[in-house]
Amino acid sequence: MANRLRDDFLWGNSVSSMQTEGAWNEGGKGMSVYDIRKPSTHASDWKVAIDSYHRYEEDFDFMQQLRMNCFRFQISWSRVNPLGDGDFNEEGIEFYDTFIDALIERGIEPMICLYHFDMPLHLAEKYNGFLSREVVDAFVKYGKEMVNRFGHKVKYWITFNEQNLYHMPVAFRISGYMNGEKTLDELYKIQHHVMMAHTYIANYIHDHIQDALIGGMLAYSEVYPATCKPKDILYARKIDEFFNHNLLEAFTNGTYSSEVMQYVRNEGIDMGIQEGDLEEIAKLKSDFLSFSYYASTTINSDLVPENTAVNDYLEKGKQDNPYLDTTEWNWQIDPLGFRDILNKIYNRYKLPVFPIENGIGVIESWDGEHEIQDDYRINYHRDHLQAMKDAIFIDGVDVIGYLGWGLIDILSSQGDMRKRYGVVYVNRENHDLKDLKRVPKKSFWWLQNVIKSNGENLS
């Protein structure tokens with residue numbers, strides 16, 4: 001059996017702008033919703049992050065030393081368009097132009113994400129974020145401008161990080177939603193508006209940029225039935241259909257899931273679908289399908305009250321799996337779940353699959369002298385890479401590459417610097433910036449050897 005991955009396999013790192021850049025009020029950047037978040041006991045503010053705005057070349061050198069050949073980053077909407085729907089900021093655009101060139105000079109393929117939850121504050125306050133069609137229009141204007149500016153030298157694109165999260169209650173936090181009753185109608189309207197924003201940009205890329213590739217991206221967690229009880233199995237399947245396949249069907253076949261749309265009709269939900277929307281989605285195609293994967297969980301139907309919307313099943317009925325180890329953050333480690341998802345996506349949609357976030361967050365500290373011995377991180381990535389190789393060589397899945405999450409330490413999605421994913425330590429804490437020094441951990445040298453062997457050597 002083959003053991004070495006394809007020669008053009010992409011190895012790399014993924015991040016968001018607000019978790020890395022800092023420079024919140026430099027270079028003409030406007031305010032985002034993250035810039036007004038206050039620090040707390042276990043969360044920093046977002047004003048400095050890891051200061052990659054000023055230090056990105058140092059970070060790129062570490063990536064090059066690791067032999068990485070791909071970096072997925074996010075353009076900060078408010079850095080290139082301070083109001084979100086106003087004039088473009090040439091200084092911000094020039095920053096990313098230089099940033100992209102620095103990657104290309106090191107042989108690192110840039111991959112652009114256009115939105116990772118950091119709505120320009122003006123759009124959130126004026127329009128309530130993606131609840132409003134005006135924000136869809138603003139996003140499309142922004143996205144097309146970025147495609148026009150960078151499409152000639154950036155091959156890989158995604159619009160929204162973890163787009164299926166907009167079908168879950170967390171959508172109200174990540175969509176720029178500032179006030180309201182958080183109804184089911186509003187939730188479905190947000191997810192449809194986000195899909196329309198994705199659709200317009202994906203169709204624009206396919207119509208205008210010959211060599212660029214774009215795909216949809218999900219946060220894909222394996223959800224098992226808690227028992228073999230038929231209702232547990234039903235609920236697990238419905239979660240997969242509503243949260244994952246609903247969008248995967250749109251990304252590949254140009255239509256929402258028939259099961260989801262029947263539910264919308266039965267419940268009288270107003271998704272805000274306008275004339276021409278479904279026809280535009282019908283044109284939608286994807287060049288690849290991408291996803292984040294960290295953990296799995298189970299659903300216990302006994303814990304879910306009758307008449308609960310599928311969107312709330314996990315809020316009510318999530319239950320730990322007794323057969324899996326768990327992290328300090330109660331994320332359950334499950335490499336076989338990773339393999340299963342790779343298979344589910346590829347077998348149903350027959351498009352190349354690209355896992356673009358994977359990793360383990362752990363509380364770590366550095367004594368200022370000795371190398372951090374993070375064997376737990378080596379074990380996590382080794383097991384997931386082996387599961388990916390099994391999906392490829394045993395199951396026949398076409399996998400483009402593997403991008404870890406935050407492989408140079410960054411703020412967590414909640415602003416907590418304690419939750420570290422990196423193979424490179426960044427010397428700062430939540431409320432003490434220290435010197436922001438970058439220090440390789442033991443896992444750095446392990447990953448370097450893995451990439452050097454193109455995945456053949458995981459030992």
Side-chain angles (χ1 to χ4, degrees), residues 160-171 173-174 184 187-188 191 216-251 256-260 262-263 289-327 329-349 353 355-361 380 383-384 387-388 390-391 395 397 405 413:
F160 291 91
N161 178 69
E162 300 178 327
Q163 189 173 329
N164 58 334
L165 294 187
Y166 297 94
H167 213 106
M168 306 179 195
V170 71
R173 181 172 61 82
I174 64 178
L184 204 56
L187 180 62
Y188 275 75
Q191 70 91 12
M217 193 257 186
L218 305 181
Y220 212 139
S221 294
E222 185 78 285
V223 178
Y224 302 109
T227 71
C228 56
K229 184 187 304 180
K231 196 171 182 181
D232 286 355
I233 296 168
L234 172 69
Y235 277 33
R237 186 200 62 75
K238 291 184 81 70
I239 288 168
D240 200 19
E241 187 69 20
F242 275 63
F243 288 174
N244 302 312
H245 293 293
N246 181 48
L247 296 191
L248 290 168
E249 286 290 342
F251 292 149
Y256 289 128
S257 157
S258 57
E259 181 177 0
V260 173
Q262 184 64 40
Y263 176 78
L289 296 171
S290 57
F291 67 99
S292 63
Y293 178 83
Y294 297 96
S296 67
T297 191
T298 77
I299 182 70
N300 182 342
S301 62
D302 288 343
L303 302 178
V304 181
E306 287 297 322
N307 301 317
T308 297
V310 178
N311 311 76
D312 292 324
Y313 277 5
L314 285 174
E315 298 285 311
K316 308 292 186 181
K318 181 178 178 180
Q319 182 172 291
D320 287 348
N321 188 332
Y323 299 102
L324 296 175
D325 291 332
T326 188
T327 72
W329 312 96
N330 200 35
W331 289 24
Q332 297 203 272
I333 301 170
D334 183 12
L336 281 177
F338 185 41
R339 177 180 174 181
D340 189 49
I341 287 169
L342 288 164
N343 273 276
K344 285 197 292 189
I345 295 174
Y346 186 67
N347 289 341
R348 182 161 168 176
Y349 301 103
V353 185
I356 59 174
E357 284 186 31
N358 181 237
I360 181 171
Y380 180 96
D383 292 347
H384 284 76
M388 179 191 73
D390 290 345
D395 307 332
V397 178
W405 174 253
S413 60

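Side chains are part of it too, since the values below use all heavy atoms of this structure and drop only hydrogens, waters and symmetry mates.
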So [Y] and [X], do their side chains get closer than 4.5 Å, heavy atoms only?
| X | Y | answer |
| --- | --- | --- |
| S221 | T297 | no |
| M217 | I356 | yes |
| L187 | N311 | yes |
| V260 | H167 | yes |
| F291 | V353 | yes |
| Q191 | N246 | yes |
| L218 | F243 | no |
| Y166 | F160 | yes |

Using every non-hydrogen atom in the two residues, find where [X] and [Y] come nearest and quote the distance to one decimal.
| X | Y | value |
| --- | --- | --- |
| A219 | S292 | CA-OG, 3.2 Å |
| N161 | E357 | OD1-OE2, 2.9 Å |
| L342 | V397 | O-CG1, 3.7 Å |
| Y235 | S301 | CD2-CB, 3.7 Å |
| E222 | G337 | OE2-O, 3.8 Å |
| D302 | K229 | OD2-NZ, 2.6 Å |

Ignoring hydrogens and geometry beyond distance, is a side-chain donor-acceptor pair present between [X] and [Y] at under 3.5 Å?
| X | Y | answer |
| --- | --- | --- |
| Y349 | H245 | yes |
| Y224 | D334 | yes |
| Y380 | N358 | yes |

I need the [X] [atom1] to [Y] [atom2] distance, nearest 0.5 Å.
| X | Y | atom1 | atom2 | answer |
| --- | --- | --- | --- | --- |
| S413 | R173 | OG | CZ | 6.5 Å |
| Q163 | L165 | CD | CG | 10.0 Å |
| N244 | L289 | CG | CG | 11.5 Å |
| I345 | Y220 | CD1 | OH | 6.0 Å |
| M388 | D395 | CE | CG | 12.5 Å |

Do R348 and E249 pass the side-chain contact (heavy atoms from CB on, under 4.5 Å) test, and can you show the C-alpha distance, the side-chain angles, and the key distance before you say yes or no?
CA-CA 9 Å; R348 182 161 168 176; E249 286 290 342; 2.9 Å; yes
Is there a donor-acceptor pair under 3.5 Å between the side chain of [X] and the backbone N or O of [Y]?
| X | Y | result |
| --- | --- | --- |
| N343 | R339 | yes |
| T308 | Y313 | no |
| W329 | G361 | yes |
| Q332 | N321 | yes |

Show, in sequence, the C-alpha distance, side-chain angles and deciding distance for I333 and L324, and conclude whether the side-chain contact (heavy atoms from CB on, under 4.5 Å) test is met.
CA-CA 6 Å; I333 301 170; L324 296 175; over 6 Å; no
Should we count NZ of K318 as having more than 12 external heavy atoms under 6.0 Å?
no
Give the intermediate values and the outcome of side-chain contact (heavy atoms from CB on, under 4.5 Å) for residues E241 and V310.
CA-CA 10 Å; E241 187 69 20; V310 178; over 6 Å; no
As a quick check of understanding, evaluate side-chain contact (heavy atoms from CB on, under 4.5 Å) for L336 and D390, giving each step before the final call.
CA-CA 10 Å; L336 281 177; D390 290 345; over 6 Å; no
